[in-house]
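Read through the structure below, which is laid out as structure tokens, and then see the notes.
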Amino acid sequence: MDRETIARVAKVARLNLTEEEMERYAKDLDDILNSFSVLDEAPAGDTYSFNPIPVVDVLREDEPGQDLDPQVLRDQMGTYEGFVRGPRLS
Amino acid sequence: MSAIYDLIRYAQLKHRAFTEIVEDLDDTKFHFSAKDNLCADGFQARAGSAVLDGYRPPFDATPIRKMKDSGGQLVGKTTMDEFGFGTFSTNSAHGVPLNPFDLERSCGGSSGGAGAAACLIPGHIALGVSTGGSISGPASFCGVVGLTPTYGRVSRYGLIDYGNSLDKVGLLSRSSSLVAKHFRTISGPDPKDPTSCAQPVLADRGKMPRSLAVPKEALQNLDPAVRSSFQDALSRFKELGTEVHEVSMPSLRFALPAYYILATSEASTNLARYCGMRFGRREEELNQHFNDFFTGVRSESFGDEAKRRILLGTFCRMVGFRSRYYLKSLAVRQLLIEEYQKVFRDHDAVVTPTMPFIAPRFEEIGRMKTLEMYGADVLTVPPNLTGMPHISVPCAYVKGLPVGMQLVADHWKELDLLEAASAWEKAFIYRFPEVSP
């Protein structure tokens, strides 16, 4: 895996990598993906599901309820005058 | 050597703390622990990661709530590989559990702390979580019974996700009777987890498996002592009146890559939520662009293996590679489900050793390459990938260390596995080490 590709993957994954990490992970991913190439020999199945068992839609009565006090959740976050504090968007 | 002594001192402190709580417990209660990726009111939930340091969920995960409602007292959380990323519990930001049989060896992973607690404390039940073998592996190395239920049997509400289509909450303990009792407690539909709502009702009891299938492909590359112990265990099963047949499951060789691709693809999206704002570690430098803010905290807090798996999963999902890796792996999972179910037409369970070797020393683990570590999961990954229930029981002792045997049944047939484990316990006496806190 070349440097450009691993740098692109790291950017998408929101990870800053040092030069040493870049080199090491590129080699690791190369080794891993080479060993996974055995998958190319697997028959191309035309059926698959995103879960190993059938999942059914479950609907409940639409009744208002509150499991947790929102204030408890706000206490866990950095808030200022009722707003969640976050970084700059631009 | 001083590092191992530091580990031992730390483990003794933890063991003493657990033991004191258990000794002070009200007689009307039973004690249990929970892997640190299960949320519990009053405890930190860090999932072995520094990025979650300080996170205290204000609620109980459904399996924990059910244990408490039936008279259980949660005595502690157990350490684990970061987010479940490991086979030896050495990838944790919060301490490495030591194998009670030999303190210089691994407990297995990623529910290594659960394996140690189940082994050390008589009458204890440890809630574990398995994505690719994280209950069976520690059960094997720590010489206890470990049940991984069918995917969807136990609610995942309140579980810190690794791979949504793979994660299962299960149990570890010294005896199958305790596991069977509390399996009933934690299972059942939960409207808060739709994947738990498709399950059939549990029967009153299971059926003792009469015919076991041994896939010949699973017996390759085993430690010779594990192989011979396993053959002895099969002979003992035959003496119990169970038939044992060799079968072929050629698609097993695709399980490991398909699992790692699906697991890391799902993990790489799940871990996107750890960005220094909502959970755990909070970045205070708000005068940064949001990209730098999120990237900084993730880069500083995630461990080496977490970064490797995030990168691998991100790559496998990228445009141009998705069909080759992610979609192919989904198709392989279906292929393997069909292959298992073909075997289950003629046999009641598939049986293999649980791990290809006995618990390794930490120094041996330190020398392993990444692919060797992934390869250690070769026997536990197939049932996990396909969502099949499986149980690991001790079946031998080599150099004083336990060897595990794993039985796999068709979806929803956990009770059959528990019948088999119960019959096995009558024919084979488990040993537990004396470790003073």
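Reckoned from all heavy atoms, side chains included, excluding hydrogens, waters and symmetry mates. A, B, ... follow the sequence lines: proteins, then strands. Residue 1 opens every chain. Quantities reported herein were computed from a predicted structural model and do not represent experimental measurements.
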> How about L33(A) and F315(B): do any of their side-chain heavy atoms sit closer than 4.5 Å?
Replying inline: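 Side-chain contact under 4.5 Å: yes.
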Which atoms of [X] come close to chain A, meaning under 4.5 Å heavy atom to heavy atom: side chain ones, backbone ones, both, or neither?
{"X": "F302(B)", "answer": "side chain"}
{"X": "P58(B)", "answer": "both"}
{"X": "L335(B)", "answer": "side chain"}
{"X": "L312(B)", "answer": "both"}
{"X": "L371(B)", "answer": "side chain"}
{"X": "L385(B)", "answer": "backbone"}

Which heavy-atom pair separates [X] from [Y] by the least distance, and what is that distance?
{"X": "V38(A)", "Y": "F254(B)", "answer": "O-CE2, 3.4 Å"}
{"X": "P194(B)", "Y": "V55(A)", "answer": "O-CG1, 4.1 Å"}
{"X": "G152(B)", "Y": "I53(A)", "answer": "CA-CD1, 4.3 Å"}

> Side chain, backbone, both or neither: which part of I32(A) has a non-hydrogen atom closer than 4.5 Å to chain B?
Replying inline: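 Both backbone and side chain of I32(A) come within 4.5 Å of chain B.
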>> Need one label for L59(A): side chain, backbone, both or neither, based on atoms under 4.5 Å from any heavy atom in chain B.
In response: neither
>> Nearest 0.5 angstrom please: C316(B) SG to L29(A) CG, how far?
In response: 7.5 Å
>> Test of understanding: with side-chain contact (heavy atoms from CB on, under 4.5 Å), list the residues that count as partners of V56(A), not counting sequence neighbours.
In response: V58(A), A198(B)
So which N and O atoms of chain A and chain B form donor-acceptor pairs under 3.5 Å?
unit_1: A13(A); atom_1: O; unit_2: R298(B); atom_2: NE; d: 3.3
unit_1: A13(A); atom_1: O; unit_2: R298(B); atom_2: NH2; d: 2.9
unit_1: R14(A); atom_1: O; unit_2: R298(B); atom_2: NE; d: 3.2
unit_1: R14(A); atom_1: NE; unit_2: N291(B); atom_2: OD1; d: 2.7
unit_1: R14(A); atom_1: NH2; unit_2: N291(B); atom_2: OD1; d: 3.3
unit_1: N16(A); atom_1: N; unit_2: S299(B); atom_2: OG; d: 2.7
unit_1: E21(A); atom_1: OE2; unit_2: K307(B); atom_2: NZ; d: 3.3
unit_1: R24(A); atom_1: NH1; unit_2: D304(B); atom_2: OD1; d: 2.8
unit_1: Y25(A); atom_1: OH; unit_2: D304(B); atom_2: O; d: 3.2
unit_1: Y25(A); atom_1: OH; unit_2: D304(B); atom_2: OD1; d: 2.6
unit_1: D28(A); atom_1: OD2; unit_2: R308(B); atom_2: NE; d: 2.8
unit_1: D28(A); atom_1: OD2; unit_2: R308(B); atom_2: NH2; d: 3.0
unit_1: L39(A); atom_1: O; unit_2: K328(B); atom_2: NZ; d: 2.9
unit_1: D40(A); atom_1: OD1; unit_2: R324(B); atom_2: NE; d: 3.4
unit_1: D40(A); atom_1: OD2; unit_2: R324(B); atom_2: NH2; d: 3.0
unit_1: E41(A); atom_1: OE1; unit_2: R253(B); atom_2: NH1; d: 2.9
unit_1: E41(A); atom_1: OE1; unit_2: R253(B); atom_2: NH2; d: 3.2
unit_1: A42(A); atom_1: O; unit_2: K328(B); atom_2: NZ; d: 3.0
unit_1: F50(A); atom_1: O; unit_2: R333(B); atom_2: NH2; d: 3.1
unit_1: N51(A); atom_1: OD1; unit_2: Y151(B); atom_2: OH; d: 3.1
unit_1: D67(A); atom_1: OD2; unit_2: K192(B); atom_2: NZ; d: 3.3
unit_1: Q76(A); atom_1: O; unit_2: R282(B); atom_2: NH2; d: 2.2
unit_1: Q76(A); atom_1: NE2; unit_2: R56(B); atom_2: O; d: 2.4
unit_1: R88(A); atom_1: N; unit_2: Q288(B); atom_2: O; d: 3.1
unit_1: R88(A); atom_1: O; unit_2: F290(B); atom_2: N; d: 2.9
unit_1: R88(A); atom_1: NE; unit_2: N287(B); atom_2: OD1; d: 3.3

